Amino acid sequence: MHPMGWDAFGLPAENAAMEQKVHPREWTYENIAAMKAQLKLLGLSLDWTREFATCDPDYYHQQQKLFLDFLQAGLVERKTAMVNWDPVDHTVLANEQVIDGRGWRSGALVEKRELSQWFLKITAYAEELLRAIDGLDKWPEKVRLMQRNWIGRSEGLRFSFELENEAGTAVDEPLMVYTTRHDTIFGATFCAISPDHPLALRLAKDDPALAEFRRECAALGTSEEAIERAEKKGYKLAFYARHPFRAGVRLPVYVANFVLMSYGEGAIFGCPGHDQRDLDFARAYGLDVIPVVAPRDADPAGFEVGTDAFLDTEGADVAMINSDFLDGLSVEEAKSEIARRMEAAGTGERTVNYRLRDWGISRQRYWGCPIPMIHCEVCGTVPVPKSDLPVLLPDDATFDRPGNPLDHHPTWKHVNCPECGRPATRETDTMDTFVDSSWYFARFCSPRAADVVDRDAVEAWLPVDQYIGGVEHAVLHLLYSRFFSRAMKQVGYGDIEEPFAGLFTQGMITHETYRAGDGRWLFPDEVDRQADGSVTERATGEAVDVGSAEKMSKSRKNVVSPEGILETYGVDAARWFMLSDTPPERDSEWTEAGVEGAWRLIQRLWRLVHQVAALAPPAGTAKPDSFGTEADTLRRAVHRALNSVTQDIERLRFNVAVAHIYEAVNSLSAAVPDGNGGIAADLAWALREAGEIIVRISAPMVPHLAESCWRALGHDTLLARQDWPQAEPELLIESTITIPVQVNGKRRDEVTIARDAAPSDVEAAVLELEAVRRAIGDKPVRKVIVVPQRIVNVVA
RNA sequence: GCGGACGUGGCGGAACCGGUAGACGCAAGGGACUUAAAAUCCCUCGGGCCUUGUCCCGUGCGGGUUCGACUCCCGCCGUCCGCACCA
């Protein structure tokens, strides 16, 4: 099954609506029609009977049902949270959608805002999503690693410090911290809490200086963090934390800009000796640095930490120092001992933390799937009953002002509460479009099912055998989809955990850029390449600056129009070129010369097939009993190529497959007699065989040409329906082989010998060789290494 | 800063488990055909040497392991990607 559909909700449609005064739906379906027409020209074997768009009411109807199922299963949560606010798109972004502090689509600097949001509880599956990565053995290691890092599991200890005020009086509120380095507790010299920590919030109310410090931190927040990162800043509170194991020792407590509220407890203890951030902070504020881990052979008294924290604990032979009852223990032993004591005392517990956060899906936009919830003053937030679904988008929205058109709409949000019947309002947020793309593959299994999916169809088809996409989806789409398939299983939509068994991340087609002297970008068809390799602007004849190959983009004009290529060279030339040069996982540069090369191959193959058709016996002629040397040589070359191409395609090494097809074509060219004399029957038969095999194995790349060639060879069937040919095993094995001969590792000659010759015979033959004897000279032969069918090396 | 990948001719790239480095294509140069051009076909195409060979050097740099290293190990240099103070 090779279906195609459209991920069609999202901002571009809405932006077009604002800029061009066209309704998002109209704009979207027009684009779909245009893209579908282009795709059809490419001759891809797509199953269009399963086509749908995520903005089809039927699709988002099912998605709303799914949302309600997740809600019931406890996988949906509404909570206030600090969110990433995109001030240009006027919407909320997930962490994953913020790149270098900027919105992934708008590029605007993202602000922090506190909003009430809908969340999918992906963290409920954090452990499972991490564990199951091990089983994804047909995924690129790179993507698996990125997901592991993204989930970011850590094992640590959660424990509380008792606080006291300046005078030493206990304060009736413990400070909870999280650490993975509880072994370093004796090196603790301060505590720090996040500017967003509840304690900081409360204290700031009566402390204008602290309030100001918090504002500074918020402003630094996401912007220019690259510059500000180095600077560690803190605000000292009038509290002290009592050291849990050192009676009478108290640690100053700071509000510090480098402590994140969203991870762990939003509070830490600082151990400057063994954490670079803590060390930077300690140096800035004149705090003590107590080393507590040192190489086992170092002198504890003389061991000091300078400007670099001592972090070398993994694998190295280190031991605890300056740590009372921990002295001499390894890091691991010390961790266990501290955890044991704290758990026994009831002041701490071992916990596991994840970097992964819950997935905020609320977007303040029109062109998305409405979240089927209703806010009632009396009943609270209640789900729309399934029988009332779908919650359809209103057609008559307006797009002439910023903010959410659903919220602006005069009537749409006003409904009666499904529980008490009183006037209430709809949720006006729509879902993140990553929700739409998190389960479409399941819908493809039964695209017209009345329910979310047909369970049997899902179990019959999924997981997807070979999923293909760009690396840009390595953590976003691919992690969400893995979560969705598990969540769908939990609420009863089939037994699938992993949606994609095999993953392949393909590269992009790039093109070099052209820039005129005055800075204008030029389209590729606005420039000429001169014989000396320089490039000039066609209109002016002026020299043009040629930039490196980059992702095609309208702004840099380094684009080529598919229509133009198809008109000039045809789709097969375009397909052949895209596959021929570069491995599919890498970016591939589109060049005029490259397409012309592909076009030449197509002409050449066409001519060759017609020559063969004129010489060869009719299709289906019985295979001769024996073949002469010429015919045999051709057959061996073609069958070897067939064998290679078959493997290359299986392994998605299309550029290598193309190279092997070229080799077969070259062999066939060489075998076609150029005179117009007679031709031996066995060679004629071999020519046909070679022509048919070459046509068949090139069909995946150049299907239209291949069908025409198939007809030219006298067939009236569809080549696409022919079985893939099988190489004859005996043609892949040579009875005599030529292997290189080395003397002391340097190639001196080669020897042609029976393939299965005994090593002793090979050795004898090699020592007879003139070149070998000369290379050995008068040195004694110490050893002869014979690697059967590979190489011989004489050591003298 | 942490993690990862990669570095091969003028270019894109081949080279299986450590066994002839540069397959195949592009570009370039030369030749044939042609009145001429296009197309096509043939030849050359990593570097060096007034030594042209049965030669020497060569897969980012420096070491190492091995009979043998583009491939494995150690240390550098460079490029690209991911993460971004995750305690």
Side-chain angles (χ1 to χ4, degrees), chain A residues 99-101 140-143 145-150 152-154 156 177-182 184 192 222 225-226 228-232 256-260 262-271 274-278 280-281 311 353-357 471-472 474-475 531 533 549 577 580-583 586-589 591-598 600-601 603-604 607 644 647 651 653 655-663 665-666 669 674 738-750 769-775 782-785 787 789-796:
Chain A
I99 293 149
D100 290 335
E141 193 49 48
K142 176 189 168 75
V143 174
L145 186 68
M146 281 166 75
Q147 291 216 349
R148 281 195 191 99
N149 291 343
W150 193 263
R153 182 184 198 274
S154 74
V177 300
Y178 172 75
T179 181
T180 56
R181 291 299 305 277
H182 31 293
T184 64
T222 51
E225 55 181 67
E228 305 292 347
R229 188 188 322 134
E231 188 99 20
K232 299 276 182 288
N257 64 348
F258 64 94
V259 181
L260 303 176
S262 53
Y263 187 80
E265 300 298 319
I268 61 158
F269 74 80
C271 176
H274 307 283
D275 182 294
Q276 193 59 47
R277 295 157 301 180
D278 296 348
D280 295 344
F281 189 79
L311 306 170
N353 245 305
Y354 300 91
R355 183 183 172 282
L356 183 71
R357 310 289 151 78
V471 251
E472 68 271 21
V475 280
F577 171 55
S580 64
D581 267 6
T582 306
R586 288 195 212 167
D587 289 350
S588 171
E589 188 181 351
T591 62
E592 193 74 7
V595 205
E596 274 171 15
R600 273 201 296 275
L601 180 276
Q603 308 293 316
R604 187 171 162 214
R607 280 194 309 270
S644 303
Q647 290 172 15
R651 295 165 61 191
R653 293 157 46 92
N655 59 320
V656 186
V658 162
H660 285 129
I661 291 174
Y662 268 111
E663 284 179 348
V665 169
N666 291 344
S669 281
D674 38 9
T738 301
I739 59 174
V741 178
Q742 297 179 334
V743 176
N744 293 332
K746 286 193 176 172
R747 183 181 180 280
R748 294 296 173 183
D749 202 349
E750 52 190 33
L769 292 170
E770 176 62 25
V772 172
R773 294 232 292 263
R774 199 172 28 249
R782 286 195 288 154
K783 200 172 174 188
V784 178
I785 292 147
V787 183
Q789 299 170 47
R790 278 288 186 192
I791 202 168
V792 182
N793 192 7
V794 179
V795 186

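Chain identifiers are assigned alphabetically (A, B, ...) following the order of the sequence lines, protein sequences preceding nucleic acid strands; residue numbering begins at 1 within each chain. Everything numeric here is computed off the predicted structure, so don't read it as measured data.
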Would you check, one step at a time, whether the test side-chain contact (heavy atoms from CB on, under 4.5 Å) holds for A:D275 with A:R181?
CA-CA 9 Å; A:D275 182 294; A:R181 291 299 305 277; over 6 Å; no
Could you give the distance separating [M] and [N] at their [atom1] atoms, to the nearest angstrom?
N: B:A5; M: B:C56; atom1: C1'; result: 35 Å
N: B:C73; M: B:U20; atom1: C1'; result: 25 Å
N: B:A28; M: B:G19; atom1: P; result: 36 Å
N: B:C26; M: B:G53; atom1: P; result: 31 Å
N: B:G62; M: B:G9; atom1: P; result: 15 Å
N: B:G60; M: B:C11; atom1: P; result: 13 Å
N: B:C70; M: B:C16; atom1: P; result: 12 Å
N: B:C6; M: B:U59; atom1: C1'; result: 14 Å

Could you state the atom-to-atom distance from [atom1] of [X] to [atom2] of [N] in whole Å?
X: A:R747; N: B:A21; atom1: CZ; atom2: P; result: 7 Å
X: A:Q603; N: B:A39; atom1: CD; atom2: P; result: 11 Å
X: A:N149; N: B:A84; atom1: CG; atom2: C1'; result: 12 Å
X: A:W150; N: B:G3; atom1: CH2; atom2: P; result: 18 Å
X: A:M146; N: B:G82; atom1: CE; atom2: P; result: 7 Å
X: A:H274; N: B:C85; atom1: NE2; atom2: P; result: 23 Å
X: A:D280; N: B:C2; atom1: CG; atom2: P; result: 13 Å
X: A:D275; N: B:C86; atom1: CG; atom2: C1'; result: 11 Å

Contacts of A:T738 and A:L260 projected onto RNA chain B by closest heavy atom; the upstream (5') one is A:T738
With RNA chain B as reference, determine whether A:K142 or A:H660 sits nearer its 5' end, using the nearest nucleotide of each.
A:H660
Nearest heavy-atom neighbours spanning [X] and [Y]:
X: A:N793; Y: A:G745; result: OD1-N, 3.1 Å
X: A:V143; Y: A:A474; result: CG1-O, 3.9 Å
X: A:A267; Y: A:V259; result: N-CG1, 4.1 Å
X: A:C271; Y: A:T184; result: SG-CB, 3.5 Å

Across the strands shown, which category fits [X] at heavy-atom distances under 4.0 angstrom: base, sugar-phosphate, nothing?
X: A:Y662; value: sugar-phosphate
X: A:L145; value: sugar-phosphate
X: A:N666; value: sugar-phosphate
X: A:V792; value: nothing

A:K232 to A:F258 six-membered ring, cation-pi geometry met (6.0 Å, 45°):
yes
OP1 or OP2 of [N] sitting under 4.0 Å from any side-chain N/O of [X]?
X: A:R604; N: B:A39; answer: no
X: A:R153; N: B:C86; answer: no
X: A:R607; N: B:A39; answer: no
X: A:Y354; N: B:C86; answer: no
X: A:K746; N: B:C57; answer: yes

Now, which nucleotide makes the Watson-Crick or G-U wobble pair with [N], with each of the two distances under 3.5 Å?
N: B:G62; result: B:C74
N: B:G1; result: B:C83
N: B:A28; result: B:U44
N: B:A15; result: none

Can you find a donor-acceptor pair, distance only, under 3.5 Å between A:R357 side chain and B:C86 base?
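Pair found.
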Atom pair [atom1] ([X]) and [atom2] ([Y]), whose distance is rounded to the nearest 0.5 Å:
X: A:F269; Y: A:Y178; atom1: CZ; atom2: OH; result: 11.5 Å
X: A:T591; Y: A:D581; atom1: OG1; atom2: CG; result: 7.0 Å
X: A:R748; Y: A:R773; atom1: CZ; atom2: CZ; result: 16.0 Å
X: A:N353; Y: A:E265; atom1: CG; atom2: CD; result: 7.5 Å
X: A:N655; Y: A:H660; atom1: CG; atom2: NE2; result: 10.5 Å

Per atom distances to the A:A659 side chain, the nearest of B:U20, B:C24, B:A87 is B:C24
For each nucleotide in nucleotides 64-70 of chain B, reading 5' to 3', give B when a protein heavy atom comes within less than 4.0 Å of its base, S when such contact involves only the sugar-phosphate, and - otherwise.
---BS--
Determine, for nucleotides 5-17 of chain B in 5'-to-3' order, which nucleotides have protein heavy atoms under 4.0 Å from the base (write B), from only the sugar-phosphate (write S), or from neither (write -).
-------BSSS--
Are A:N666 and A:R604 close enough, and set up right, to give a side-chain contact (heavy atoms from CB on, under 4.5 Å), and what steps lead you there?
CA-CA 10 Å; A:N666 291 344; A:R604 187 171 162 214; 2.7 Å; yes
Walk me through it: do A:R357 and A:Y263 pass the test side-chain contact (heavy atoms from CB on, under 4.5 Å)?
CA-CA 9 Å; A:R357 310 289 151 78; A:Y263 187 80; 3.7 Å; yes
N-glycosidic conformation, B:G9 - syn within 90 degrees of 0, else anti
syn
Is B:C56 syn or is it anti, if syn means the base angle is within 90 degrees of 0?
anti
